[in-house]
Amino acid sequence: MSESKSNCTCGSSQTNGILSTIPNHTALPRELQDEFNDPNHPANLICELCRLFYDNNWVTGTGGGISIRDVDGPNPNIIYIAPSGVQKERIQPWEMFVVELPDEKILRTPNDIPVELTKSYKYKHSACTPLFVSCYKLRDAGACIHTHSQNAVMITLLYEDQDVFKINHIEQIKALPRLQYNATTGKVDKIGSLENFETLVIPIIDNLPHEEDLTPTLNEALIKYPGASAVLVRRHGIFVWGETIWKAKVYNEAIDYLLELGVKMKLAGISTIKPE
């Protein structure tokens, strides 16, 4: 895969909302400088979390991605998406694709940014984009995370003949939301949190050569399993979403913990489901 030509890392300059220490930042239009000086801007949060997820070995080798809907901004239909084929730990806030829902209108791409910053690199939109959009439209998500976690991949291999992963009676399950389909609104609502004795169910779909082609089966899983906060992709990774980026982060961390535990339990010959 091709990689970004950016010369900067997502360091404290972004998380503190200070662009002045980033080389060539003045090449940005003034309105973008002002926009990106907000440390809680979705583009800055994507950079911050990509670095964290890289350190967790979740988005190495340009894999994985994050998208955030600007739920607290003036237009909550605007979503920010990390580009494809870039080193996620080095990503910059101006490298995001900006899309408006529900028509998926592209408002800005990193290819619109001055060449002093892009080094003439030709950015490609993420192949995850239609999958992220499905999570926004079918789950009213505020953010969606896609990782290539080895725990996610391994659990799908250990349960090769299964279309779901199940686990119960584990304390960490309490970090995940209780979701319920609302027939009146046609939406999936959060109505609380799961109890540690309840069974967490995560659907598994089969991988395909091109990521965007996963959209129909992801949609099927979202509809069939309204209580799920994630979908595993066999031999590939996982998609996790939440009502905000911070909730999505918590769900992703809790699920990865449970997947790692599930792998260890399976290899030790322990069932992930405790008999009642």
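Counting from 1, the numbers follow the sequence of the chain as shown. Keep in mind that what you see is a predicted model, and the values were worked out from it rather than measured.
- Legend: residues meeting side chain to side chain contact (heavy atoms under 4.5 Å, CB included) with I270, ordered by chain and number and at least two apart, are M265, A268.
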- Task: Mind running side-chain contact (heavy atoms from CB on, under 4.5 Å) on W241 and L222 for me, showing each step along the way?
- Result: CA-CA 11 Å; W241 55 88; L222 291 172; 3.3 Å; yes
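- Judged by distance alone, with hydrogens and angles left aside, the side-chain atoms of N207 form no donor-acceptor pair with the main-chain N or O of V233 at under 3.5 Å.
- Grouping the Ile, Leu, Val, Met, Phe, Trp and Tyr side chains by contacts below 4.5 angstrom, directly or via other members, places L32 with W94.
- The closest side-chain heavy-atom distance from N56 to D256 is not below 4.5 Å.
- The nearest pair of heavy atoms linking M96 to P110 is O-CD, 3.4 Å.
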- Item | side-chain contact (heavy atoms from CB on, under 4.5 Å) assessment of L214 paired with H236 | CA-CA 11 Å; L214 292 169; H236 181 154; 4.3 Å; yes
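- Put simply, I204 and I167 are part of the same group of oily side chains (I, L, V, M, F, W, Y) that touch within less than 4.5 Å, one to the next.
- One hydrophobic cluster, built from ILVMFWY side chains closer than 4.5 Å, holds both I145 and I46.
- Between L49 and W246 there is a side-chain heavy-atom pair separated by less than 4.5 Å.
- Taking the salt bridge (charged side-chain N to carboxylate O under 4.0 Å, His left out) definition, one finds that D206 meets it with R234, sequence neighbours left out.
- Within the 4.5 Å cutoff, the side chain of L259 has heavy atoms near those of the L232 side chain.
- Under the rule for a side chain to side chain contact (heavy atoms under 4.5 Å, CB included), Q150 has no partner lying at least two apart in sequence or in another chain.
- Grouping Ile, Leu, Val, Met, Phe, Trp and Tyr by side-chain contacts under 4.5 Å, direct or through others, puts Y181 with L179, V188.
- Panel note: side chain H146, backbone I238; a donor-acceptor pair is recorded below 3.5 Å.
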- Start with the C-alpha distance between L218 and T215, add both sets of side-chain angles, then the distance that settles side-chain contact (heavy atoms from CB on, under 4.5 Å), and finish with yes or no. CA-CA 5 Å; L218 177 75; T215 307; 5.6 Å; no
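- N77 is linked by a side chain to side chain contact (heavy atoms under 4.5 Å, CB included) to N75, E100, L101, counting only residues two or more places apart in sequence or in another chain.
- Judged purely by atom type and a 3.5 angstrom limit, K174 has no side-chain atom pairing as donor or acceptor with the backbone of L194.
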Name the atoms and distances for all side-chain donor-acceptor pairs under 3.5 Å in residues 154-166, with sequence neighbours left out.
residue	atom	partner	partner atom	Å
T156	OG1	V153	O	2.7
T156	OG1	R235	N	3.1
E160	OE1	R235	NH2	3.1

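- The hydrophobic cluster around F197 extends to none of the other residues, as no ILVMFWY side-chain heavy atom falls under 4.5 Å of it.
- Of all heavy-atom pairs between K88 and G64, the closest is CE-O, 3.1 Å.
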Would you give me the side-chain donor-acceptor pairs under 3.5 Å for residues 130-138, sequence neighbours excluded?
residue	atom	partner	partner atom	Å
S134	OG	P130	O	3.2
S134	OG	N219	OD1	2.6
Y136	OH	S67	O	3.1
Y136	OH	S67	OG	2.7
Y136	OH	I68	N	3.3
K137	NZ	P102	O	3.0
K137	NZ	E104	OE2	3.1

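- Residues I91 and P83 are in side-chain contact: their nearest non-hydrogen atoms beyond the backbone lie under 4.5 Å apart.
- By the criterion of side-chain heavy atoms lying less than 4.5 angstrom apart, applied directly or through intervening Ile, Leu, Val, Met, Phe, Trp or Tyr residues, V201 is not grouped with V240; the two fall into different hydrophobic clusters.
- One distance of note links CD of E195 with CD of E171; it measures 9.5 Å at 0.5 Å rounding.
- Under the 4.5 Å side-chain contact rule for hydrophobic residues, L200 and V231 do not share a cluster.
- For N44 (side chain) and D38 (main-chain N/O), a donor-acceptor pair under 3.5 Å exists by modelled atom type.
- Other residues, nucleotides and ligands contribute at most 12 non-hydrogen atoms within 6.0 Å of the NZ atom of K274.
- Scored by the salt bridge (charged side-chain N to carboxylate O under 4.0 Å, His left out) test, E31 finds no partners at all (sequence neighbours excluded).
- Contact check for W58 versus E253: side-chain heavy atoms found under the 4.5 Å cut-off.
- Closest of all the heavy-atom pairs between S126 and I81 is CB-CG2, 4.0 Å.
- By the salt bridge (charged side-chain N to carboxylate O under 4.0 Å, His left out) test, E211 is found to be paired with no residue, residues two or more places apart in sequence or in another chain being considered.
- The shortest heavy-atom contact between P39 and L45 is O-CD2, 3.6 Å.
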- Going through the distances and angles, do I245 and I66 end up as a side-chain contact (heavy atoms from CB on, under 4.5 Å)? CA-CA 9 Å; I245 183 56; I66 302 175; 4.2 Å; yes
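- Atom OH of Y123 and atom OG1 of T118 lie 6.0 Å apart (nearest 0.5 Å).
- The shortest heavy-atom contact between A228 and P203 is CB-CD, 3.7 Å.
- A pairwise comparison of heavy atoms in Q172 and A254 identifies NE2-CB, 3.5 Å as the closest pair.
- H41 meets the ring pair (Phe, Tyr, Trp, His ring centres under 6.0 Å) test with F36, Y80; sequence neighbours excluded.
- A donor-acceptor distance shorter than 3.5 angstrom exists from the side chain of N37 to the backbone of Q33, with no hydrogens or angles considered.
- For D55, the salt bridge (charged side-chain N to carboxylate O under 4.0 Å, His left out) partners two or more places apart in sequence, or in a different chain, are R51.
- Counting heavy atoms from C-beta on, the side chains of I79 and R69 come closer than 4.5 Å.
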